Number of protein chains: 2
Amino acid sequence: MSMSGEDDGPADSGLAPEGVTNDLVELLFFAYRDFVGDPDRMLAEYGFGRAHHRVLHFVYHYPGLTIAELLDILRITKQSLNRVLKDLIEQGHIVQKTGRSDRRQRLLYCSETGATLTAELTRVQVRRVARAIADPVADEPKGARDEHGFAAAQGFLMAMIEPEERAAVRSLMARRARSRR
Amino acid sequence: MSMSGEDDGPADSGLAPEGVTNDLVELLFFAYRDFVGDPDRMLAEYGFGRAHHRVLHFVYHYPGLTIAELLDILRITKQSLNRVLKDLIEQGHIVQKTGRSDRRQRLLYCSETGATLTAELTRVQVRRVARAIADPVADEPKGARDEHGFAAAQGFLMAMIEPEERAAVRSLMARRARSRR
DNA sequence: GAGATATGTCAACATCACTGACGTATATCG
DNA sequence: CGATATACGTCAGTGATGTTGACATATCTC
């Protein structure tokens with residue numbers, strides 16, 4: 001009797017049991033928190049914030065980006081972008097060049113210092129992700145039950161979390177498991 | 001010159017080729033953006049924001065949470081928490097009960113309406129994650145080359161992104177691949 | 001030359017975070 | 001019991017980042 005209606009049929013549908021997926025939802029929160037935590041701290045020393053990081057990141061990795069493209073990527077208003085972009089340009093981390101085919105465009109590039117700074121930030125984030133891929137945290141040694149790819153996603157996300165925090169996250173989620181019974 | 005493939009020879013280090021990992025870093029950004037996008041829009045109708053969502057989420061899933069525990073989970077100050085918590089209590093979505101073993105504690109619970117609202121938010125997020133696990137987006141049909149679990153992570157994160165946005169993300173990242181040569 | 005487009009900017013405002021200080025209720029310990 | 005610590009609440013001020021709305025300027029397109 002497929003209760004076909006909504007969506008998450010924990011029973012027989014090809015989809016995930018809800019309990020495990022709930023864990024993934026929370027792991028995503030914790031993983032993302034730590035994922036942006038490193039750059040946040042590094043940039044704070046320069047007086048920059050996460051918004052500056054996002055601009056630096058995309059300009060560094062996609063040199064020659066236009067303002068419009070950047071706005072579309074970041075999904076913020078041009079006023080919001082302009083505030084942080086102005087900081088970065090004034091401090092010489094980003095430079096603008098007038099577009100050659102369309103002189104209205106301001107193509108964005110990192111300066112030497114901007115590239116150095118951003119490479120540093122990227123290095124830290126890439127390292128965290130690469131390690132999480134290489135050494136996912138095996139959480140459920142029950143093996144065998146990963147037809148769906150939960151354990152893989154769970155191991156990856158848990159490995160993205162700061163090691164000292166993992167115990168706290170695990171014991172929190174164990175608490176839900178208990179109260180479900 | 002090592003033939004075989006582009007450039008990224010993970011060769012000896014157990015770690016990931018940097019190019020692919022860069023993609024994962026960005027996919028994480030886009031995936032998280034869309035992951036929180038649904039609840040953001042739903043809560044905006046109630047005049048609530050993301051901070052309210054986080055409180056509702058953890059109180060709903062871990063009934064009886066204390067203020068201190070919630071502060072530790074969210075990593076914000078009690079002043080920040082209090083602002084949103086006050087909103088939620090005044091509007092009857094969350095109730096406080098004095099702790100029985102320690103009467104200083106205020107144990108947090110969702111009311112009926114709070115539970116209904118939060119279940120709705122959770123449903124949307126769980127659905128997105130469950131689908132991404134069940135139907136990861138196969139991006140590199142080259143197969144075979146996933147000894148490290150990149151393709152799996154990439155497929156999961158891409159599937160977390162709003163379907164209409166995937167083409168844009170793909171073409172953006174293709175642009176980096178091009179400029180690397 | 002008219003109108004669309006790309007960008008910059010001013011002003012006002014909302015959300016969500018922070019610090020610092022202080023108040024109250026309750027628990028714990030000597 | 002009294003001192004001290006803990007859990008929580010709150011006032012006041014500030015900063016980062018987002019929003020809307022309006023308007024200016026340069027440049028492209030027709």
Side-chain angles (χ1 to χ4, degrees), chain A residues 29 32-33 36-37 39-59 64-91 94-109, chain B residues 29 32-33 36-37 39-59 64-91 94-109:
Chain A
F29 168 76
Y32 197 78
R33 180 191 67 183
V36 295
D40 276 2
R41 277 186 296 276
M42 296 166 69
L43 284 163
E45 298 173 8
Y46 293 75
F48 291 148
R50 197 173 300 176
H52 299 89
H53 180 203
R54 292 198 278 251
V55 171
L56 281 172
H57 175 95
F58 285 104
V59 170
L65 223 45
T66 68
I67 300 287
E69 285 168 332
L70 194 46
L71 288 175
D72 187 57
I73 290 171
L74 300 177
R75 298 289 167 80
I76 58 177
T77 59
K78 64 180 172 180
Q79 295 91 328
S80 288
L81 173 58
N82 219 268
R83 184 157 11 101
V84 296
L85 189 53
K86 198 188 298 185
D87 293 343
L88 293 168
I89 290 172
E90 280 171 359
Q91 303 205 19
I94 285 184
V95 293
Q96 293 182 319
K97 299 184 186 177
T98 298
R100 56 278 165 275
S101 67
D102 185 337
R103 294 177 45 80
R104 290 171 303 181
Q105 295 179 333
R106 302 297 145 86
L107 309 185
L108 301 170
Y109 296 88
Chain B
F29 167 74
Y32 197 79
R33 180 192 67 182
V36 295
D40 276 2
R41 276 186 296 277
M42 294 167 69
L43 283 162
E45 298 173 8
Y46 293 74
F48 292 148
R50 197 173 300 177
H52 299 87
H53 180 202
R54 292 197 280 251
V55 172
L56 280 172
H57 176 95
F58 286 104
V59 171
L65 224 44
T66 68
I67 300 287
E69 287 169 330
L70 195 46
L71 288 175
D72 187 57
I73 290 171
L74 299 179
R75 298 290 168 78
I76 58 177
T77 59
K78 63 180 171 179
Q79 295 90 329
S80 289
L81 173 58
N82 220 269
R83 181 160 16 93
V84 296
L85 190 53
K86 197 188 298 185
D87 293 342
L88 293 168
I89 291 173
E90 280 171 0
Q91 303 206 17
I94 285 185
V95 294
Q96 293 182 319
K97 300 185 187 176
T98 298
R100 56 279 165 278
S101 67
D102 185 337
R103 294 178 45 81
R104 291 172 302 180
Q105 295 179 332
R106 301 297 147 86
L107 309 185
L108 302 171
Y109 296 89

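Here is how names work: the chains are called A, B, and so on, in the same order as the sequence lines, proteins then strands, and each is numbered from 1. Only a predicted model underlies this, so the values are computations on that prediction, with no experimental measurement involved.
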### Message
Under 4.0 Å from OP1 or OP2 of C:dT26: is there any side-chain N or O of B:Arg103 that close?
### Response
yes
### Query
Starting at CG of B:Asp40 and ending at C1' of C:dA14, how long is that distance when rounded to a whole Å?
14 Å
### Query
Taking for each residue the nucleotide of DNA chain D bearing the nearest heavy atom, is the 5' side occupied by A:Arg83 or by A:Asp102?
A:Arg83
### Query
Are any side-chain N or O atoms of A:Arg75 and backbone N or O atoms of A:Asp72, one a donor and one an acceptor, separated by less than 3.5 Å?
yes
### Message
Using every non-hydrogen atom in the two residues, find where B:Gly49 and B:Leu43 come nearest and quote the distance to one decimal.
### Response
O-CD1, 3.7 Å
### Query
Hey, does the side chain of A:Thr77 come within less than 4.0 Å of D:dT19's phosphate (OP1/OP2), counting only N and O?
yes
### Query
Which residue, A:Gly99 or A:Gln79, contacts DNA chain D at a nucleotide closer to its 5' end, judged by nearest heavy atom?
A:Gln79
### Task
When you get a sec, tell me which of D:dC8, C:dC16, C:dT7 is the closest nucleotide to the side chain of A:Gln105?
C:dT7
### Query
Do the side chain of A:Gln91 and the main chain of A:Leu88 share a donor and acceptor less than 3.5 angstrom apart?
no
### Task
Would you kindly give the CG-to-C1' distance between B:Leu71 and C:dA17, to the nearest whole Å?
13 Å
### Task
Look at the aromatic rings of A:His53 and A:His57 and report parallel, tilted or perpendicular, splitting at 30° and 60°.
perpendicular
### Query
Would you say the base of D:dG9 and the side-chain of B:Lys86 have a donor-acceptor pair closer than 3.5 Å?
no
#### Entry: Residue among A:Arg104, A:Arg100, A:Arg106 satisfying salt bridge (Lys or Arg N to Asp or Glu O under 4.0 Å) with A:Asp102
A:Arg104
### Query
Any side-chain N or O of B:Gln96 less than 4.0 Å from the OP1 or OP2 oxygen of D:dG9?
yes
### Message
On DNA chain C, does the nearest nucleotide to B:Phe48 precede the nearest nucleotide to A:Glu69 from the 5' side, or the other way round? Give the residue.
### Response
A:Glu69
### Query
CZ of B:Arg100 versus P of C:dA25: gap in Å, rounded?
21 Å
### Message
By nearest atom, which of the nucleotides D:dA5, D:dA26, C:dT7 is closest to the B:Arg104 side chain?
### Response
D:dA5
### Message
If I take atom CD1 in residue B:Ile76 and atom P in nucleotide C:dT19, what distance separates them, rounded to the nearest angstrom?
### Response
12 Å
### Message
Taking 4.0 Å as the cut-off, does a side-chain nitrogen or oxygen of B:Arg54 come that near to OP1 or OP2 on C:dA17?
### Response
yes
### Query
Over how many whole Å does the gap from A:Leu81 atom CG to D:dT20 atom P extend?
15 Å
### Message
Check this one for me: any side-chain N or O of B:Ser80 less than 4.0 Å away from OP1 or OP2 of C:dC18?
### Response
yes
### Query
For A:Lys78 and D:dC23, what is the distance between atoms NZ and C1' respectively, to the nearest whole Å?
9 Å
### Task
For the side chain of B:Ala68, starting at C-beta, report the closest nucleotide among D:dC8, C:dT9, C:dT26.
D:dC8
### Task
Would you please indicate yes or no on a ring centroid separation below 6.0 angstrom for B:Phe29 and A:Phe58?
yes
### Message
Of the listed nucleotides (C:dC16, D:dG18, C:dG8), which one gets closest to any side-chain atom of B:Ala51?
### Response
C:dC16
#### Entry: Atom-to-atom span, CG of A:Asp87 to C1' of D:dG15 - whole angstrom
13 Å
### Task
Send over the distance from B:Ile89 CD1 to D:dT10 C1', rounded to a whole Å.
14 Å
### N or O in side chain of A:His52 less than 4.0 angstrom from D:dA16 OP1/OP2
no
### Task
Indicate, with a heavy-atom threshold strictly under 4.0 Å, whether B:Arg50 touches base, sugar-phosphate, or nothing.
sugar-phosphate
